[in-house]
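Working notes, beginning with the structure itself.
As a basis for the values below, the full set of heavy atoms in this structure was taken, side chains included, without hydrogen atoms, waters or symmetry mates. Residue numbering restarts at 1 for every chain, and letters A, B, ... go by the order of the sequence lines.
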Amino acid sequence: MPELPEVETTRRGILPHIKSRRVTKIILRQEKLRWPITPALAKELPGQTFRSVKRRGKYLLLGTDIGTLLIHLGMSGSLRIVDQKRPVGKHDHVDIVLDDGHILRYTDPRRFGCMLWLQSDIESHPLLRSLGPEPLGSQFTGVHLFDRSRKRVAAIKSFIMDSRIVVGVGNIYASEALFLSGISPKRAAGKVSLRRYQKLAECIRQILQQAIKAGGTTLRDFTDSNGNPGYFKQSLRVYGRAGLPCMTCKKPLKEIRLGQRSTVYCSTCQT
DNA sequence: ACTTCGACCTGTTGGC
DNA sequence: TGCCAACAGGTCGAAG
């Protein structure tokens, strides 16, 4: 489900509801996520007040005075603000009950997400330590992509989806950004010119910003923290459009697999 | 250091 | 209608 725009949409949605709110209790219905939810989390979070709600790549970082709650939504996770009367669904694994009676509810059918309690040096945590720059930050440039890609033979799509290179670019937006920049997803990362990487960096930034503005992409079930879908799906040019005409040249879009991910592109417009 | 691939899960879709 | 395989927005960690 969530790539960077969907995670950012979630962050913005929950921020006003949880900032400065104290956790009164936590209800664990299923602790087996990608990694198990630890007893330490259940023990230490109650009583704490959320001071900050940040994002690093696709990780959400909910800061308190004594630790940080790190949440990843995996492939199918979501966070919603609900009230206490809301019925509990099959995949509603965690409720974080707040002092105003609302609940921050974590739902995740596939359980690829995680919820970890971090104490001390967030930066050096193994999951965060090796992450590349934020695509919407000033560190992310065409020069950065060019420098990191020299001698690499992997397909450029796999390269830009590698979180050590740049965070937050998943299958949808990688496909879209490559279409916008006219680069074939199959091209070896190491054989792309600086000029083209500058264009690509610009397109990645642009597509992510537009998607955030639209509230993310809802394919089947993504909604923001209030239950509203995102409207970026209608702006997708290639993802999910295999066989349909290219919006530029009208030829049918092709579909291949790269790094086990389905990849749609235009073999005429992308070279 | 880089690349590939299996693994983790459930739900949906499409073919027969 | 049922069954089964394939696939889905992610990414870690082992192995080559």
Side-chain angles (χ1 to χ4, degrees), chain A residues 1-10 29-37 55-60 70-79 89-94 106-116 125-132 135 145 147-177 185-191 204 207-208 211-212 214-224 229-236 238-243 255-264:
Chain A
M1 172 223 288
E3 296 191 30
L4 187 147
E6 292 72 42
V7 178
E8 179 62 18
T9 297
T10 299
R29 300 187 189 86
Q30 168 63 275
E31 69 270 20
K32 288 183 185 168
L33 303 182
R34 190 180 216 284
W35 296 286
I37 294 175
R55 179 185 59 73
R56 178 74 177 96
K58 296 175 192 167
Y59 294 99
L60 287 166
L70 175 150
I71 299 172
H72 196 289
L73 301 176
M75 204 87 132
S76 58
S78 63
L79 282 171
K90 186 175 176 187
H91 303 295
D92 294 342
H93 306 313
V94 182
Y106 177 81
T107 306
D108 187 2
R110 292 178 72 181
R111 289 192 270 131
F112 283 2
C114 66
M115 196 174 282
L116 303 178
H125 187 277
L127 290 174
L128 304 177
R129 195 176 46 207
S130 309
L131 294 179
L145 290 177
D147 288 348
R148 293 295 304 269
S149 64
R150 291 310 86 186
K151 306 208 171 154
R152 291 180 69 148
V153 298
I156 189 167
K157 175 162 175 272
S158 306
F159 175 71
I160 60 172
M161 289 176 68
D162 181 340
S163 64
R164 293 166 302 185
I165 303 304
V166 56
V167 296
V169 182
N171 203 32
I172 297 178
Y173 300 111
S175 306
E176 295 299 311
K186 294 190 284 190
R187 184 165 288 279
K191 292 175 63 182
I204 289 173
I207 199 85
L208 294 177
I212 291 170
T217 297
T218 296
L219 291 180
R220 78 170 39 129
D221 59 4
F222 171 77
T223 66
D224 68 14
Y231 294 100
F232 200 68
K233 185 175 193 295
Q234 59 206 65
S235 305
L236 298 178
V238 287
Y239 184 88
R241 297 192 66 248
E255 179 162 21
I256 55 172
R257 291 193 81 77
L258 281 178
Q260 305 148 290
R261 311 303 297 277
S262 93
T263 303
V264 184

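Residue A:L258 contributes atom CG, which lies 17 Å from atom P of C:dT11 at whole-angstrom precision. Atom CD1 in A:I160 sits about 15 Å away from atom C1' in C:dG10, given to the nearest Å. Atom CZ in A:R257 sits roughly 17 Å away from atom C1' in B:dT3 (whole-Å rounding). Atom C1' of nucleotide B:dG11 and atom CG of A:D108 are separated by 12 Å, given to the nearest angstrom. When the P atom of C:dC7 is taken as reference, atom CD of A:Q260 falls 12 Å away, rounded to whole Å. A straight line from NZ of A:K157 to P of B:dT3 spans 15 Å, rounded to a whole angstrom. Rounded to a whole Å, the CG atom of A:L70 is 12 Å from the P atom of C:dT11. Distance, A:I165 CD1 to C:dT11 P: 14 Å, rounded to whole Å.
Between A:R34 and B:dC9 there is no side-chain polar atom (N or O) within less than 4.0 angstrom of OP1 or OP2. Checking the phosphate oxygens (OP1, OP2) of C:dC7, no side-chain nitrogen or oxygen of A:R261 falls inside 4.0 Å. Neither OP1 nor OP2 of C:dA8 sits under 4.0 Å from any side-chain N or O of A:Y239. Contact between the side-chain N/O atoms of A:H91 and the OP1/OP2 oxygens of B:dC9 is not found at any separation under 4.0 Å.
C:dC3: Watson-Crick or G-U partner is B:dG15, with both key distances under 3.5 Å. Figure legend. B:dC9 is base-paired to no nucleotide; pairs are counted as Watson-Crick or G-U wobble with both atom distances under 3.5 Å.
For CZ of A:R150, the number of neighbouring non-hydrogen atoms (other residues, nucleotides, ligands) closer than 6.0 Å is greater than 12.
Comparing B:dA1 with C:dT11, their P atoms are spaced 22 Å from each other, to the whole Å. Straight-line distance between the P atoms of B:dC9 and C:dC3: roughly 25 Å, to the nearest whole Å.
Using a 4.0 Å heavy-atom cutoff across all strands shown, A:S158 reaches no nucleic acid atom at all. Within the 4.0 angstrom heavy-atom criterion, only backbone atoms of the sugar-phosphate kind lie near A:K90; the bases stay farther away. Among the atoms of the strands shown, only primed sugar atoms or phosphate atoms (P, OP1, OP2) are found under 4.0 Å from some heavy atom of A:K58. When heavy atoms are screened at a 4.0 angstrom cut-off, A:R111 is found touching the sugar-phosphate backbone but no base atom. Residue-level contact check: A:F159 touches neither bases nor backbone, having no heavy atom under 4.0 Å from any strand. As judged by a 4.0 angstrom heavy-atom cut-off over every strand, A:R148 is placed among residues making no nucleic acid contact. Using a 4.0 Å heavy-atom cutoff across all strands shown, A:R152 reaches sugar-phosphate atoms only and no base atom.
Note that NE2 of A:H93 and CZ of A:R29 are 10.0 Å apart. Values are rounded to the nearest 0.5 Å. For the atom pair A:S262 OG and A:N171 CG, the distance stands at 5.5 Å (nearest 0.5 Å). Interatomic distance, CZ of A:R34 versus NE2 of A:H72, reported as 8.5 Å (0.5 Å rounding).
Nearest nucleotide to the side chain of A:H72, out of C:dC7, C:dT11, B:dG11: C:dT11. Here the side chain of A:R110 is nearest to one of B:dT10, C:dC12, C:dG9, namely B:dT10. The side chain of A:I172 lies closest to C:dG9, out of C:dG9, B:dG11, C:dG10.
Here A:F112 does not pack flat against the base of C:dT11, since the 5.5 angstrom centre distance and 30 degree tilt limits are not both met.
Donor-acceptor pairing under 3.5 Å is recorded for the side chains of A:T107 and A:D92. Residues A:Y173 and A:T217 bring a donor and an acceptor atom of their side chains to less than 3.5 Å of each other.
A salt bridge links A:D162 and A:R152; the closest N-O separation between the charged side-chain nitrogens and carboxylate oxygens is under 4.0 Å.
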